Undergrad: 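Attaching a single structure in C-alpha cells format; questions to follow.
Scope of the values below: all heavy atoms of this structure, side chains included, with no hydrogens, waters or symmetry mates. By convention here, the first residue in the shown sequence is residue 1. What you are looking at is a predicted structure, and each value in this text was computed from that prediction instead of being measured.
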Amino acid sequence: MSLRSANVTQGVERAPNRSLFYAMGYTKEELDRPLIGVVSAHSEIVPGHFHLDKITEAVKAGIRMAGGTPIMVPSIGVCDGIAMGHIGMKYSLASRELIADSVETMTMAHQFDGLVLVPNCDKIVPGMVMAAVRMNIPTVVCSGGPMMAGSYDGQEVSLSKMFEAVGAYKAGIIDEAKLDECEKGACPGCGSCAGMYTANSMNCLCEALGIALPGNGTIPAVHNGRMQLAKHAGMAIMELVRRDIKARDIINEKSIRNALACDMALGCSSNSVLHLLAISNEAGCPLSLEMFNEMSAKVPNLCHLAPAGDTHMHDLNNAGGIPAVQTELVKGGFLDTSVITATGKTLAENIQGAYNKNTNAIRPIAQPYSATGGIQILWGNIAPDGCVVKRSAVAPEMLCHTGPARVFNSEEQAIQAIYNGKIVAGDVVVIRYEGPVGGPGMREMLNPTSALAGMKLDKTVALITDGRFSGASRGASIGHVAPEAASGGPIGLIAEGDLIEINIPEAKINAKLTEEEFAKRKAAYIKPEPNIKTGWLSRYARLVSGANTGAVMK
C-alpha cells in the first residue's frame with residue numbers, strides 16, 4: 001500500500017525528518033508503519049472533553065494492535081454552556097472554522113496516512129469532519145460519549161432543565177434552595193450533555209453519515225463500551241488505510257441523505273442544519289435548505305429526547321441506539337443501506353440484527369410522534385432565504401401563531417426584558433444583529449428560550465432571530481433567519497408592534513407589512529456600527545457567509 005507518510009519517513013533525503021522523530025523517542029519500526037493522526041480535543045474546561053485523554057489512549061491502543069503508529073495532536077474546543085449568555089458565545093461557531101483549518105494544517109504538514117478524530121461537543125465534531133472531507137483521507141470519528149442524566153426534584157434531568165430553572169427562579173416559581181438543588185444535580189459527570197442537544201445530535205449524525213462506528217452517538221461516556229469503542233475505532237482506521245477507503249467514499253450524496261433522514265427521525269438540534277450544510281459543502285455535494293423540508297415532509301419523527309421529551313441519551317442507547325433507529329427507517333424505505341461505512345462494511349451489514357428494544361424511547365415507524373420530521377425550514381418576507389425551527393420541540397398550540405413583535409438588537413436586551421417580566425403571552429420576541437456577520441459569530445441563545453420555558457411562557461411566546469438557538473432550546477424558537485440584519489435582511493426592518501404570522505406546518509413566516517412599507521423603511525435604514533472591530537472575530541465577520549449556506553468561510 002502507498003503511504004502519504006513516506007514523504008516524511010522514507011528515503012535518504014528524509015534523514016533530517018526522521019531525526020526529529022527520533023528526538024521524541026520514535027523507533028525505526030514505528031516509522032515504517034502507517035502514521036495515524038489522533039486529533040484529541042481533551043481539555044480541562046469542557047465536561048464533554050474532560051475525559052478524552054482516556055478515550056485518546058484507548059484509540060492509540062487500537063491503532064497499535066492493528067499495526068499502526070498513533071500520533072496524538074491537539075484541538076481547541078469551546079464549551080457552549082460555559083460560553084452561553086456573554087461575549088464568549090460569539091467565539092463558538094467561529095471556532096468551527098479554526099478547528100477545521102488546524103486539523104488540515106497538522107495533517108498536511110506531517111503527512112498522516114489516516115485520522116481518528118476524538119471530539120465530543122458542538123462545533124468540534126463538525127469542524128473536524130469538515131477537515132476530513134476537505135482533505136479526503138481515511139478517517140474515523142470516535143466521540144467521548146454522552147453524559148448520564150442528572151437528578152432534580154426526583155426526576156431525571158439534563159442541562160436544559162438547569163437553564164429553565166433560572167427562569168423559574170426569576171418568575172418566583174422556585175426558591176433559591178430548589179435552584180441550588182438543580183445546579184448541583186443537573187450535570188452528574190463527564191460527557192456531552194445528556195439530551196438531544198447539538199453535541200449528541202452531531203455524534204449521532206456521524207454514525208448516520210457512516211464516518212463513525214455504531215454506538216458512537218449513544219454509548220455513555222462512563223460505560224466500558226465507550227473505551228471498547230475507542231479501541232475498535234483505532235483498529236478500524238487501519239482497515240480503512242489498508243483498503244484506501246477515504247472520507248469522501250463514506251460521506252457523499254447518498255450518506256448525507258441518510259443523515260438527513262436520521263436527523264428528522266431523531267429530532268436533532270436545529271444547529272444540525274448549519275453543520276450538515278457545511279460538511280456537505282466541504283464534501284463537494286452541497287445541500288440546499290429545500291432538501292431538509294423535502295426529507296421532513298416524508299420522514300416521521302420517532303424520538304422525543306430532552307428537550308422535546310423526558311428521555312435522555314442513555315435511554316436511546318438502551319433501546320438499541322442509532323442502529324435501532326435505522327432499522328425503523330429501513331422499514332419505511334428511507335435509507336440507502338448499500339453505502340460503505342467506517343467499519344469497512346455497508347450500512348446493511350452494520351445494522352444486521354439490530355432492533356428496537358424500547359418503543360418508549362424509539363417509536364415504531366408505524367406509530368411516530370408525528371408524520372413529519374423534527375426540523376422545518378420556513379420562508380417569508382422576514383426570511384426570504386429561509387430560517388429554521390426544531391419542529392419536534394414546539395408545542396402543538398404554537399405551530400401556528402400570530403402576535404406583536406417585541407424587537408431587540410441584542411440577546412442582552414431581550415433577556416433583560418424577559419427577566420423583568422416585560423414579555424407577555426402572545427408576544428413574538430425578535431432578536432437581531434446576532435447573525436454570523438452581525439454578532440459576529442451567531443450566538444446560541446439558550447438563556448432567553450429557557451427563561452421563557454421556566455416562566456411557563458414557552459407555549460404562548462415565539463422567538464425569531466438571525467442568530468441561533470441551542471439544541472437544548474424548546475418552544476417556537478425560530479433561528480438562522482437569512483439574510484441577517486447586518487447584511488441588509490428584512491428582519492432588520494421589523495418595528496415594535498408589527499404583527500408577525502408564523503405557520504410552521506405550511507413553512508411560512510411573515511410580517512403583516514406591505515412591500516411598500518418595507519421599501520419605505522429600507523430607504524430610511526441606517527446600518528449600525530459593527531459590534532466587534534478588532535481581532536479574529538472582526539476577520540471572521542468579513543469572511544463568513546450566511547446561515548442559509550452553513551455559515552462557511554468565503
Side-chain angles (χ1 to χ4, degrees), residues 39 41 75-78 80 90-105 115 117 119 121-136 139 141 143 198-199 201-206 208-212 247-248 250-253 255-260 262-263 268-292 295 375 377 385-388 435-437 439-444 466-471 479-484 487 540-541 543-554:
V39 185
S75 169
I76 64 167
V78 170
D80 280 15
K90 294 178 184 289
Y91 287 86
S92 176
L93 183 60
S95 75
R96 187 187 70 182
E97 313 311 309
L98 293 177
I99 290 162
D101 290 350
S102 64
V103 172
E104 176 191 355
T105 297
L115 291 175
L117 307 174
C121 290
D122 297 29
K123 311 310 161 303
I124 300 88
V125 179
M128 288 187 181
V129 174
M130 287 164 63
V133 291
R134 179 189 299 173
M135 294 179 292
N136 195 28
T139 303
V141 173
S143 79
T198 307
S201 294
M202 294 312 301
N203 285 325
C204 288
L205 292 179
C206 281
L209 286 166
I211 199 73
R248 290 195 188 188
I250 294 171
I251 297 181
N252 49 47
E253 187 175 342
S255 67
I256 288 169
R257 291 188 72 85
N258 284 350
L260 283 177
C262 285
D263 193 334
C268 290
S269 164
S270 57
N271 286 314
S272 66
V273 176
L274 276 179
H275 301 322
L276 287 175
L277 286 169
I279 290 168
S280 65
N281 179 67
E282 294 284 5
C285 43
L287 275 173
S288 67
L289 289 179
E290 286 80 5
M291 290 175 69
F292 284 87
M295 197 64 73
I375 296 287
I377 310 298
D385 290 340
C387 56
V388 181
V437 175
M442 204 179 183
R443 283 192 287 185
E444 279 188 354
D466 53 10
R468 59 198 177 94
F469 294 110
S470 166
H480 309 195
V481 169
E484 62 176 291
S487 296
Y540 176 83
L543 296 173
V544 69
S545 69
N548 58 307
T549 56
V552 296
M553 299 287 277
K554 298 172 185 174

Undergrad: Compare all side-chain heavy atoms of Cys268 with those of Ile375 and state whether any distance is below 4.5 angstrom.
TA: no
Undergrad: Are side-chain heavy atoms of Leu277 and Thr549 found at a separation under 4.5 Å?
TA: no
Undergrad: Report yes if the side chains of Asn271 and Met202 come closer than 4.5 Å at any heavy-atom pair, otherwise no.
TA: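 No, every pair of side-chain atoms sits at 4.5 Å or beyond.
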Undergrad: With rounding to the nearest 0.5 Å, note down the distance linking SG in Cys204 to CG in Leu209.
TA: 11.5 Å
Undergrad: Should Arg96 and Val78 count as side-chain neighbours, where that means a heavy-atom distance under 4.5 Å?
TA: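 No - every pair of side-chain heavy atoms lies 4.5 Å or more apart.
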Undergrad: Are Glu97 and Lys123 close enough that some pair of their side-chain heavy atoms sits under 4.5 Å apart?
TA: no
Undergrad: Quick one: CE on Met130 to NE2 on His275, what's the gap to the nearest 0.5 Å?
TA: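 Here the rounded value is 9.0 Å.
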Undergrad: Enter the distance from Leu274:CG to Asp122:CG here, rounded to the nearest 0.5 Å.
TA: 11.5 Å
Undergrad: What are the two closest non-hydrogen atoms of Cys121 and Ala199, and how far apart are they?
TA: CA-CB, 3.6 Å
Undergrad: What are the two closest heavy atoms between Thr139 and Ala247, and how far apart are they?
TA: OG1-CB, 4.3 Å
Undergrad: How far apart are the closest heavy atoms of Ala259 and Leu205, and which atoms are they?
TA: O-CD2, 3.5 Å
Undergrad: Inspect the surroundings of CD in Glu104 and state if more than 12 heavy atoms from other residues, nucleotides or ligands are less than 6.0 Å away.
TA: yes
Undergrad: With Arg468, which of Ser92, Ser270, Ser269, Cys387 fulfils side chain to side chain contact (heavy atoms under 4.5 Å, CB included)?
TA: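 Going through the options one by one, the only one that passes is Ser92.
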Undergrad: Do Asn136 and Glu282 have side chains that get closer than 4.5 Å, going by heavy atoms?
TA: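 In short, these two side chains do not touch, never coming nearer than 4.5 Å.
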Undergrad: Donor-acceptor pair, Ser280 side chain versus Leu287 backbone, under 3.5 Å?
TA: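 Indeed, once roles are kept as given, a pair shorter than 3.5 Å links the two residues.
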Undergrad: When you compare the side chain of Ile279 with that of Ile251, does any pair of heavy atoms fall below 4.5 Å?
TA: yes
Undergrad: Closest approach of His480 and Val388, non-hydrogen atoms and distance?
TA: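 Nearest heavy atoms, His480 then Val388: ND1-CG2, 3.5 Å.
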Undergrad: Under 4.5 Å between any side-chain heavy atoms of Met135 and Leu115, yes or no?
TA: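 Yes, their side chains come closer than 4.5 Å.
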Undergrad: Could you tell me whether the side chain of Ser470 and the main chain of Glu444 form a donor-acceptor pair under 3.5 Å?
TA: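 No, the answer is negative, given that no donor and acceptor are paired below the 3.5 Å cut-off.
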Undergrad: Out of curiosity, Ile76 CD1 to Leu98 CG, how far, rounded to the nearest 0.5 Å?
TA: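 Answer for the CD1-CG pair, Ile76 versus Leu98, is 5.0 Å.
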Undergrad: What distance do Leu93 atom CG and Met442 atom CE have between them, rounded to the nearest 0.5 Å?
TA: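 If I round to the nearest 0.5 Å, the distance is 7.0 Å.
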Undergrad: Could you state the interatomic distance from CG (Asp101) to CE (Met553), rounded to the nearest 0.5 Å?
TA: 7.0 Å
Undergrad: Which heavy-atom pair separates Ala41 from Pro119 by the least distance, and what is that distance?
TA: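 Looking at all heavy atoms of both residues, the shortest contact is CB-CA, 4.3 Å.
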Undergrad: Give the minimum heavy-atom separation between Val141 and Ala212, together with the two atoms involved.
TA: O-CB, 3.4 Å
